[in-house]
Peer 1: 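I'd like to ask you about the structure that follows.
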Amino acid sequence: MSGKMKPGIVIGIVIVAAVVLLGVLRSGSRLVTAQSGRYIIMGTFARIVAVADDDKIARKCVESARDKLELVNALMSDYDPNSEISKVNKQAYETQVGVSEETFFVLEKALHFSEVSQGAFDVTIGPLVDLWHKAGEANSLPGDAEIAEARSRVGCEKLLLDSQSRTVKFAVEGMRLDLGGIAKGYAIDLAVEAMKRQGAAGGMVEIGGDLRVFGKSPNAGKSWAVGIADPREPGDGIAAGKMLMVLRLNDAAVATSGDYQRFVEVGGERYSHIISPSAASGARGFSSVTVIGKSATDADALATAVSVMGSGEGMSLIEQLEQAEAIVISPAPEYKIQQSSGAGAYLDSR
Ligand code: AMP
Ligand code: MG
């Protein structure tokens, strides 16, 4: 996760159907719901809802999901100087650094999405993220030499993974991995799997606008309703904003990448926190990209990738993938909505 995320500014999606109260409540005939309440993790808000046959199971599901979010945060946060990813960032040029199965899995996925997105998705983007963050603080655009220097430390071909020894090595000094575009999704997937193992009849895990739902919802077990925020009035992460449309979901993950809440400002101009590796500056194609799929890891990576790729290449990538649909909104002031051919199936027609 990027150290630049701030609490309260990353909610792109608002759950609308689940009437969720603190603690446990009755839903439907015999099912009960437990939930975590909204709390801060990975620099943003998370929420867990579990639906089960009895209170004890429901609470246990929430607990085990929460443990998984903590685990991924402890491994992959770059706020935490002791996390695995911080250790990799410090040592992987000098030596091969051994990592957990979880971190290795995410890094392999990241390389896969780098390939399918022709380099648009790039977890080695750290040096360029840092450069633009500093530019925002100094309110001054980075110079060509600085950009070239940061670029020399970015590129997935410089990230060397060895699956035999489960180690990571950097080919170039000064590289920095940033898993902010994929780790939330991965944490959500782990949490959902944990809830299923604990016997949940249904559930939802949300982190900073990315989420996954499965099984029965608290709304009498009917499908889950998930609102896509209107980028013109997205809310501030505490108060819900205006809803642009509502998705009806059963077993699905939804990830939203937007430039309307997180950005760097230089000279009055906004630059997205999502960096185009080829342009070495903030992506400009959309005000928001929502990807719907089965896996939250994949949806998260794809939403970031499509943000960089733009509507032509981004949408054709989505059309090629069987498990992914997208709803994208063009930048201000047009806010034109475009959706992939299968996205309509998820839209609430009632
Ligand atoms: P998301 O909110 O999932 O779209 O992720 C955005 C975050 O991903 C940023 O805050 C950075 O930490 C990181 N990031 C920025 N640009 C890229 C990129 N081109 N590929 C992968 N991750 C990126
Ligand atoms: Mg993402």
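All residue numbers in this chain count up from 1 along the given sequence. In what follows, every heavy atom counts, from backbone to side chain, and hydrogens, waters and symmetry copies are set aside. In listed order, ligands and their atoms are each counted from 1.
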Peer 1: So which of Ile275, Ile125, Asp122 gets nearest to atom 19 (N) of ligand 1, if we judge by its closest heavy atom?
Peer 2: Ile275

Peer 1: Find all atoms of ligand 1 within a distance of less than 4.0 Å from any non-hydrogen atom belonging to Ala120, and give their numbers and elements.
Peer 2: 18 (C), 19 (N), 20 (N)

Peer 1: Can Asp298 and Lys109 be said to form a salt bridge (charged side-chain N to carboxylate O under 4.0 Å, His left out), step by step?
Peer 2: CA-CA 8 Å; Asp298 295 5; Lys109 275 271 177 194; 3.1 Å; yes

Peer 1: Under 3.5 Å, is there a donor-acceptor pair between the side chain of Lys294 and the main chain of Asp251?
Peer 2: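 Yes; at least one donor-acceptor contact below 3.5 Å.
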
Peer 1: Give the contacting part of Ile274 toward ligand 1: side chain, backbone, both or neither, where contact means a heavy-atom distance below 4.0 Å.
Peer 2: both

Peer 1: Output the list of atoms in ligand 1 that are nearer than 4.0 Å to some heavy atom of Lys184, sorted by atom number.
Peer 2: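 Answer, ordered by atom number: 2 (O), 3 (O).
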
Peer 1: So, applying side-chain contact (heavy atoms from CB on, under 4.5 Å) with Asp300, which one of Thr304, Leu302, Thr297 is it?
Peer 2: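 The option that passes is Thr304.
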
Peer 1: So, 2.8 Å as the limit: is an N/O/S atom of Asp210 located closer than that to the Mg ion (ligand 2)?
Peer 2: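 No, Asp210 does not qualify, because none of its backbone or side-chain N, O or S atoms lies under 2.8 Å.
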
Peer 1: Examine Thr304 and say whether one of its N/O/S atoms is closer to the Mg ion (ligand 2) than 2.8 Å.
Peer 2: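 So Thr304 does bind the Mg ion (ligand 2) by this criterion.
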
Peer 1: Using a cut-off of strictly less than 2.8 Å, determine whether Ala301 has an N/O/S atom near the Mg ion (ligand 2).
Peer 2: no

Peer 1: Could you tell me, atom by atom, which parts of ligand 1 come under 4.0 Å of a heavy atom of Ser257?
Peer 2: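 Counting from 1, the qualifying ligand atoms are 1 (P), 3 (O), 4 (O).
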
Peer 1: Answer yes if the side chains of Glu325 and Ser340 hold a donor-acceptor pair under 3.5 Å, and no otherwise.
Peer 2: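 Short answer, yes.
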
Peer 1: With only distance considered, is Ser276 within less than 3.5 Å of ligand 1 through an N or O on each side?
Peer 2: no

Peer 1: Do any N or O atoms from the side chain of Glu84 and from the backbone of Ser100 form a donor-acceptor pair under 3.5 angstrom?
Peer 2: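 The answer is yes, because a donor-acceptor pair under 3.5 Å joins these two groups.
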
Peer 1: Closer than 3.5 angstrom, by distance alone: can the side chain of Thr124 be matched with the main-chain N or O of Gly155 as a donor-acceptor pair?
Peer 2: yes

Peer 1: How is the N/O/S atom of Asp300 that comes nearest to the Mg ion (ligand 2) named?
Peer 2: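 That would be atom OD1.
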
Peer 1: Measure from the side-chain N and O atoms of Ser36 to the backbone N and O of Arg47, and report whether any donor-acceptor pair falls under 3.5 Å.
Peer 2: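 Side chain of Ser36 to backbone of Arg47: no pair is present.
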
Peer 1: N/O of Asp300 under 3.5 Å from N/O of ligand 1, yes or no?
Peer 2: yes

Peer 1: Any chance CD of Glu137 has more than 12 other-residue heavy atoms, nucleotides or ligands included, within less than 6.0 Å?
Peer 2: yes

Peer 1: With a cut-off of 4.0 Å, which atoms of ligand 1 are near a heavy atom of Gly181?
Peer 2: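 Here the atoms of ligand 1 in question are 3 (O), 5 (O), 7 (C), 8 (O), 13 (C).
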
